[in-house]
Amino acid sequence: MDEASLPAVWPGRPYPLGATWDGEGVNFALFSEEALRVELCLFGMDGRHELQRVELSECTDQVWHGYLPQARPGLVYGYRVHGPYEPRQGLRFNPNKLLLDPYAKAIVGSVRWHDALFGYTIGDPRADLSFDRRDSAPFVPKARVVETAFSWGDDRRPDVPWNETIIYELNVRGFTMRHPDVPEALRGTYAALTHQPVIDYLKRLGVTMVELMPVHAFVDDRRLVDAGMRNYWGYNTLGYFAPEARYNASNRVNEFKTMVKALHSAGIEVIVDVVYNHTCEGNHLGPTLGMRGIDNAAYYRLDPADPRYYTDFTGCGNTVNLLHSRTLQLVMDSLRYWAEEMHVDGFRFDLAPALARAAGGTESWGSFFDVIRQAPILNRVKLIAEPWDIGHGGYHVGNFPAGWAEWNDRYRDGMRAYWKGDGGLIGEFARRLTGSSDLYGRSGRRPHASINYITSHDGFTLSDLVSYNERHNEANGESGADGHEENLSWNCGVEGPTDDAEVRALRARQRRNFLATLLLSQGVPMLLAGDEIGRTQQGNNNAYCQDNELSWLDWSLDDERESLLEFTRTLVQLRREHPAFRRRDFFQGRPLHGGGIKDILWLRPDGAEMSDDEWEHAHARCLAVYLSGSGLHEVDRRGRPVRDDDFLMLFNAHHDEIAFVLPALGGESWQCVLDTAGAGPCDACYGAGAAYALRGRSLALLARPASLQ
């Protein structure tokens, strides 16, 4: 078909929204409640030249629609939407601005920052109350019609049970940009994650799920571009259906699908970090790229007292308006698309409370949770909330409904403070170690509701956590004032890199302490990519704009980094082999089967059980925990009780060595499995009543095989 001579538009259908190829032509449907007129603009394949404008004269239930017979996948398009420009009323229509379809499944080009992108005239003393007549089409990305067919073959979701899940958070670009076994042309792409050396690494590490930082199409902020930087993290969404093009070596949507299929074949689940709480259009002074110009008042939450301005629960200038049924539909359609068409296994929701805020705030959840609970496909995928936003009352750790897991920052902060050496924290430490029943048990949820983590993309890496007391973010161009000021970090005596052998040894031990605590805790552990090989960001705790070697993984491993990797693999294997560390239910704290030994016991260094008042001692930094292998309260597929080894975990966050007396507890001999004061497992055996000398700032794991119980 000749791009310049498309036939006249047919009426088409109002559903599905977006551009849909049916084998004979393409149906276009765009929601706008307040628009007076909508034009479909067709472009050449490169998106540079506007070839034709087609009026969508049909409007059904506030959806403007039309059908182009003989149109094919690959067609590039955008919209111009006519209506009143009355910012004080929340209306910001400007047909001079080409707009991206919110349902675009592929995007051509990227934002080229220019003053014409703004609906108002920059520099006009009336600010956003002015009206800009320049054409923005040369500077905005466009949508491309896609063919969704893909040969999935026998692809199946791994469906790893929650209690067996181990999450690995990674950035698609940074994970492989320096990988020596990935062809240079493919590094930093979805295709790179399909390469066998990459998949083999993930399998040997033992993780069961990769959590991809945002892969929805996103924008580099103008400020960053002007400063020669980029938005590396991707929390600046442009489109909720299109995979980010900078990660796409082939410029085809199917590359993402191929990645998912390859990871599934290796038994690894894929979840994506989604940012439905705000978009890249920012506040009232932001650009007009899509939803703002299509129907600002429907897509965004506006200040009821002055609709010229936005209600901002996100810190990013705007909040997506899920109180509007069509905007809620957009988000739900996007989730279904990624689950059904892209085969992802779940979602991590950035600033999730912003999605659920009802008209009155956070006192009652909005309709989002009700709708998502009723969507069949979404009931079968994993849902993880970042349970806070920046609005009033926005902290909701422990408050999400059944079916949701949550990033548990109480775990992160408690473990950091304990191993830093802060006193009086053994009660908090114990609650987090055992799955945070105080946060999740009261609502009937299980330990897997707690996503445990020590580090994430936001903040210090593990190596930096034990190497810096202060953030060092000068490279971000904000005078070092961005990022979290309080990190509960400890540099072990020297700020930054050092040749001091004692400091380096202590840092190595602290890294092992954190990794061992994380992987032996109840709940779902999440590793930050690179922590297992000592990745550093040189003290930058907010590397959102550092798309360079500061953020990319360095795959050249010296002996120290290789040792840390092997230690991490050992821990992952321990967790996978022993259900005692990944219980499906919380501990009961009661005697087992009418006997005298509880399923869990907290012990003092002298081997006696801790009393209630000892949990409150401000000086306390040492404790032991006994996990009964016969106290799992679980059955296998044949209905037989599940049993495991008995385990004794010894924790010493004090700087001096502590002698722990090993209890009998129904047996005689304990075998040392690992001690973080060394680099790996040990084989020594200790009789009941023997003293185990645990070095300062270290932990040890001892076991008694089930056959000896």
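Computed over heavy atoms, backbone and side chain alike; hydrogens, waters and symmetry mates excluded. For clarity, every value in this text was computed on a predicted model and none was experimentally measured.
Ser136 places a side-chain N or O within 3.5 Å of a backbone atom of Leu98 that can act as its donor or acceptor partner. Judged purely by atom type and a 3.5 angstrom limit, Asp221 has no side-chain atom pairing as donor or acceptor with the backbone of Arg223. At distances below 3.5 Å, not a single donor-acceptor pair connects side-chain atoms of Thr288 with backbone N or O atoms of Gly293. Distance alone, capped at 3.5 Å, places no donor-acceptor pair between the Asn236 side chain and the Phe218 backbone. The closest donor-acceptor contact from the side chain of His114 to the backbone of Val111 lies at 3.5 Å or more, if one exists at all. At distances below 3.5 Å, not a single donor-acceptor pair connects side-chain atoms of Asn452 with backbone N or O atoms of Leu518. In this structure, Arg697 contributes its side chain and Leu506 its backbone to no donor-acceptor pair below 3.5 Å. Ser551 places no side-chain N or O within donor-acceptor distance of the main-chain N or O of Asn548, the cut-off being under 3.5 Å.
With sequence neighbours excluded, the residues forming a side chain to side chain contact (heavy atoms under 4.5 Å, CB included) with Ala104 are Leu100, Asp101, Ile107, Ala143, listed by chain and number. Every residue two or more places apart in sequence or in another chain that forms a salt bridge (Lys or Arg N to Asp or Glu O under 4.0 Å) with Glu549 is listed here: Arg178. Partners of Tyr309 by side chain to side chain donor-acceptor pair (under 3.5 Å), not counting sequence neighbours: none found. Asp482 is linked by a side chain to side chain contact (heavy atoms under 4.5 Å, CB included) to Asn473, Asn476, Glu478, Asn542, Tyr544, counting only residues two or more places apart in sequence or in another chain. Checked against ring pair (Phe, Tyr, Trp, His ring centres under 6.0 Å), Tyr103 has the following partners two or more places apart in sequence or in another chain: Phe241. Under the side chain to side chain donor-acceptor pair (under 3.5 Å) criterion, Asp128 pairs with Arg92, Arg308, not counting sequence neighbours. Judged as a side chain to side chain contact (heavy atoms under 4.5 Å, CB included), and not counting sequence neighbours, the contacts of Ser467 are Arg507. Scored by the salt bridge (Lys or Arg N to Asp or Glu O under 4.0 Å) test, Asp458 finds no partners at all (sequence neighbours excluded). Residues passing the side chain to side chain donor-acceptor pair (under 3.5 Å) test with Lys142, sequence neighbours excluded: none. For Asp303, there are no side chain to side chain donor-acceptor pair (under 3.5 Å) partners, not counting sequence neighbours.
Ring orientation note: the planes of Trp407 and His457 are tilted relative to one another, at an angle of 30° to 60°. Between Phe118 and Tyr120, the ring planes lie perpendicular to each other; the angle is over 60°, past the 30° to 60° tilted range. Below 30°, between 30° and 60°, or above 60°: for Trp555 and His179 the angle between ring planes is between 30° and 60°, a tilted geometry.
Side-chain contact, Ser436 with Asn408: a donor N or O sits under 3.5 Å from an acceptor N or O. Between the side chains of Asn513 and Thr676, at least one donor N or O sits under 3.5 Å from an acceptor N or O. Neither side chain, Asp389 nor Asn277, offers a donor N or O lying under 3.5 Å from an acceptor on the other. For the 3.5 Å distance criterion, the side chains of Tyr453 and Asp531 fail to qualify, holding no donor opposite an acceptor. No side-chain donor-acceptor contact under 3.5 Å links Tyr299 and Asn318. With no hydrogens or angles considered, no side-chain donor-acceptor pair links Asn540 and Gln538 at under 3.5 Å.
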Intermediate values then yes/no, side chain to side chain contact (heavy atoms under 4.5 Å, CB included), Glu244 and Leu238: CA-CA 9 Å; Glu244 171 54 39; Leu238 173 67; over 6 Å; no
Ile167 vs Ile384, side chain to side chain contact (heavy atoms under 4.5 Å, CB included): CA-CA, chis, key distance, verdict: CA-CA 11 Å; Ile167 303 173; Ile384 300 174; 4.0 Å; yes
Tyr411 and Ser450: CA distance, side-chain angles, deciding distance, side-chain hydrogen bond (donor to acceptor under 3.5 Å, both in side chains) verdict: CA-CA 8 Å; Tyr411 181 95; Ser450 178; over 6 Å; no
Derivation and outcome, side chain to side chain contact (heavy atoms under 4.5 Å, CB included), residues Asn469 and Glu495: CA-CA 7 Å; Asn469 285 349; Glu495 187 75 355; 3.6 Å; yes
Check against side chain to side chain contact (heavy atoms under 4.5 Å, CB included), Trp490 and Arg416: CA-CA 9 Å; Trp490 179 47; Arg416 286 187 178 191; over 6 Å; no
Verdict with supporting geometry, Phe400 and Phe369, ring pair (Phe, Tyr, Trp, His ring centres under 6.0 Å): CA-CA 9 Å; Phe400 275 68; Phe369 287 125; 5.3 Å; yes
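Looking at Arg504 and Glu560, a side-chain N of the basic residue comes within less than 4.0 Å of a carboxylate O on the acidic one, giving a salt bridge. Classification of Arg134 and Asp132 as a salt-bridged pair holds, one side-chain N sitting under 4.0 Å from a carboxylate O. Under a 4.0 Å N-O distance rule, the pair Arg246/Asp547 does not qualify as a salt bridge.
With a 6.0 Å radius and a threshold of 12 heavy atoms from other residues, nucleotides or ligands, Asp558 has its CG atom above the threshold. Heavy atoms of other residues, nucleotides or ligands lying less than 6.0 angstrom from CD of Glu470 number 12 at most.
The ring-ring contact (aromatic ring centres under 6.0 Å, His included) with Phe175 is formed by just one residue from the set Tyr168, Trp552, Tyr190; it is Tyr168.
Separation of the Tyr276 and His216 ring centroids falls under the 6.0 Å cut-off.
Pairs engaging residues 276-298 under the salt bridge (Lys or Arg N to Asp or Glu O under 4.0 Å) rule: none recorded [sequence neighbours left out]. Applying the salt bridge (Lys or Arg N to Asp or Glu O under 4.0 Å) rule to pairs touching residues 109-123 yields Asp115-Arg222, sequence neighbours excluded.
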